[in-house]
Amino acid sequence: MAKPKVGFYDITGCQGCLLSVIFNEDEILDIINAVDIKEFRFIMGEKYDGPLDIAFIEGAVVSKEDLEMVKRLRERSKVVVALGTCACHGNIPSLRSFNEKNIEYLKYDKKNEKQKDFGEPSPIIKHINVEYCVSGCPPDREEVKRFIKEILLGKTFYNYQDPVCRECKLNENGCLLDHDKICLGPLIKGGCRAVCPTSGLECYGCRGLIDDASFEDYFKLMKEKGIDPVMVKKHMETFAGIEINEKLKGTKWEKLH
Ligand code: SF4
Ligand code: SF4
Ligand code: SF4
């Protein structure tokens, strides 16, 4: 049986997602043996413009060039995987849509030649249909490994659906909310093994919202703790701001800045 043709690509991002594939050091050799890698600039120089079985794409769409590239990859590929938070949720590149007035350096983005006539930065999934989103900034290495194995075995990959709190509890951590920290664990999909709270850091939401995220309960809890709701909203916008602002449309938190 012919090996699946696979390509790894990046538009505007930091390459951290592609590194999360490479850094599966032991497994990368198995992956290379199991597939026909047609393009992956970290490990080979060749360019390829033919059909693909699977295209992994890292990064957010911030320019015409990015948009053309993702559209072209969509046309050429049976399966497209949005890899990482930039590709799935917009992440840091989309921050300027909400925080420009507060973060001085983000204004310089708009003076960039490639970006100045383009709209706001946005995730790949706003422009093309993708078969899978593997979120995370960077994605969890173990999840990337599981994803690639399951896809190569012809299985369907399912994203983890429970909140980060579930894995946090399994890790027997104390709760950061008890220390008045803005931890988004109750609102955000896990699958990262609750790596941030397990290291004593708040969850900033890099894997996107669970289906039934309750903003009402979360803002109420923050209010009881005396935490400024503007701070809470800014925290929420860090990684998945586009998705969160869409959910908050029409609510009393929509214009909170
Ligand atoms: S998701 Fe994070 S690691 Fe991946 S490209 Fe974006 S900023 Fe880099
Ligand atoms: S620390 Fe965060 S992730 Fe862990 S239980 Fe508390 S709110 Fe949930
Ligand atoms: S704990 Fe939150 S911010 Fe940290 S990796 Fe998991 S989802 Fe992302």
Side-chain angles (χ1 to χ4, degrees), residues 8-23 41-42 56-62 66 69-70 81-96 106 109 121-125 130 133-144 147 159-210 213-215 217-222 224-225 227 232 235-244:
F8 293 84
Y9 299 88
D10 56 302
I11 49 171
T12 300
C14 76
Q15 285 96 55
C17 295
L18 295 186
L19 285 174
S20 70
V21 178
I22 294 279
F23 283 168
R41 68 188 177 89
F42 286 176
F56 290 84
I57 316 176
E58 168 202 288
V61 178
V62 311
D66 285 345
M69 184 161 161
V70 295
V81 184
L83 184 64
T85 310
C86 291
C88 300
H89 299 290
N91 201 2
I92 307 296
S94 70
L95 254 186
R96 78 168 192 214
L106 290 172
D109 264 9
S122 48
I124 287 169
I125 59 166
V130 303
C133 258
V134 180
S135 196
C137 181
D140 181 77
R141 273 193 254 167
E142 291 302 314
E143 190 175 43
V144 170
F147 177 83
N159 292 102
Y160 193 91
Q161 296 296 327
D162 290 330
V164 175
C165 293
R166 180 172 159 78
E167 290 172 307
C168 189
K169 294 292 176 208
L170 289 171
N171 290 350
E172 301 183 355
N173 299 325
C175 183
L176 294 166
L177 295 176
D178 294 338
H179 301 279
D180 297 343
K181 303 279 190 191
I182 309 171
C183 181
L184 300 182
L187 303 173
I188 298 299
K189 273 183 197 146
C192 55
R193 295 166 289 140
V195 61
C196 301
T198 301
S199 309
L201 302 167
E202 306 96 311
C203 172
Y204 273 80
C206 79
R207 298 172 67 88
L209 289 169
I210 55 170
S214 173
F215 290 100
D217 290 344
Y218 195 80
F219 276 107
K220 186 168 166 235
L221 180 68
M222 291 290 120
E224 283 166 11
K225 292 177 178 299
I227 299 173
V232 177
H235 193 110
M236 288 177 174
E237 286 174 339
T238 310
F239 284 122
I242 290 179
E243 182 187 21
I244 287 175

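Counting starts at 1 for both ligands and their atoms, in listed order.
Among protein heavy atoms, the minimum distance from atom 3 (S) of ligand 3 is reached at Y204 N, 3.4 Å. Of the protein's heavy atoms, C14 N, 3.3 Å lies nearest to atom 5 (S) of ligand 1. The nearest heavy-atom contact from the protein to atom 1 (S) of ligand 2 is L176 N, 3.2 Å. The single protein non-hydrogen atom nearest to atom 4 (Fe) of ligand 3 is C196 SG, 2.2 Å, given as residue, atom name and distance. The protein atom (non-hydrogen) at minimum distance from atom 6 (Fe) of ligand 2 is C175 SG, 2.3 Å. Atom 8 (Fe) of ligand 2 has as its closest protein heavy atom C165 SG, 2.3 Å. C137 SG, 2.4 Å is the protein heavy atom nearest to atom 2 (Fe) of ligand 1.
Within 6.0 Å of CD in E172 there are 12 or fewer heavy atoms belonging to other residues, nucleotides or ligands.
Residues L201 and L176 approach most closely at O-CD1, 3.4 Å, considering heavy atoms.
Atoms of ligand 3 lying under 4.0 Å from at least one heavy atom of V195, given by number and element, are 5 (S). When each atom of ligand 1 is checked for a heavy atom of G136 under 4.0 Å away, the hits are 1 (S). Close contacts between ligand 1 and N91 involve ligand atoms 1 (S), 2 (Fe), 6 (Fe), 7 (S) [criterion: under 4.0 Å to a heavy atom]. Close approach of ligand 1 to C17 is summarised as follows: ligand atoms under 4.0 Å from at least one heavy atom of the residue are 1 (S), 3 (S), 4 (Fe), 5 (S). Taking every non-hydrogen atom of P197 and a distance limit under 4.0 Å, the qualifying atoms of ligand 3 come out as 1 (S).
Residue C206 touches ligand 3 through backbone and side chain together, judged by heavy-atom distances below 4.0 Å.
Without hydrogens or angle criteria, T85 side chain to C137 main chain gives a donor-acceptor distance under 3.5 Å. E167 contributes a side-chain N or O that, together with a main-chain N or O of G191, makes up a donor-acceptor pair within less than 3.5 Å. Side-chain N or O atoms of D10 include none that pairs as donor or acceptor with a backbone N or O of G59 at under 3.5 Å. A donor-acceptor pair under 3.5 Å is absent between the side-chain atoms of H89 and the main chain of S94, judged by distance alone. Checked by atom type and distance alone, the side chain of S20 pairs as donor or acceptor with a backbone atom of C17 at under 3.5 Å.
Not a single heavy atom of I92 sits less than 4.0 Å from an atom of ligand 1.
Here the CZ atom belonging to F239 is positioned 5.0 Å from the CD1 atom belonging to I92, to the nearest 0.5 angstrom.
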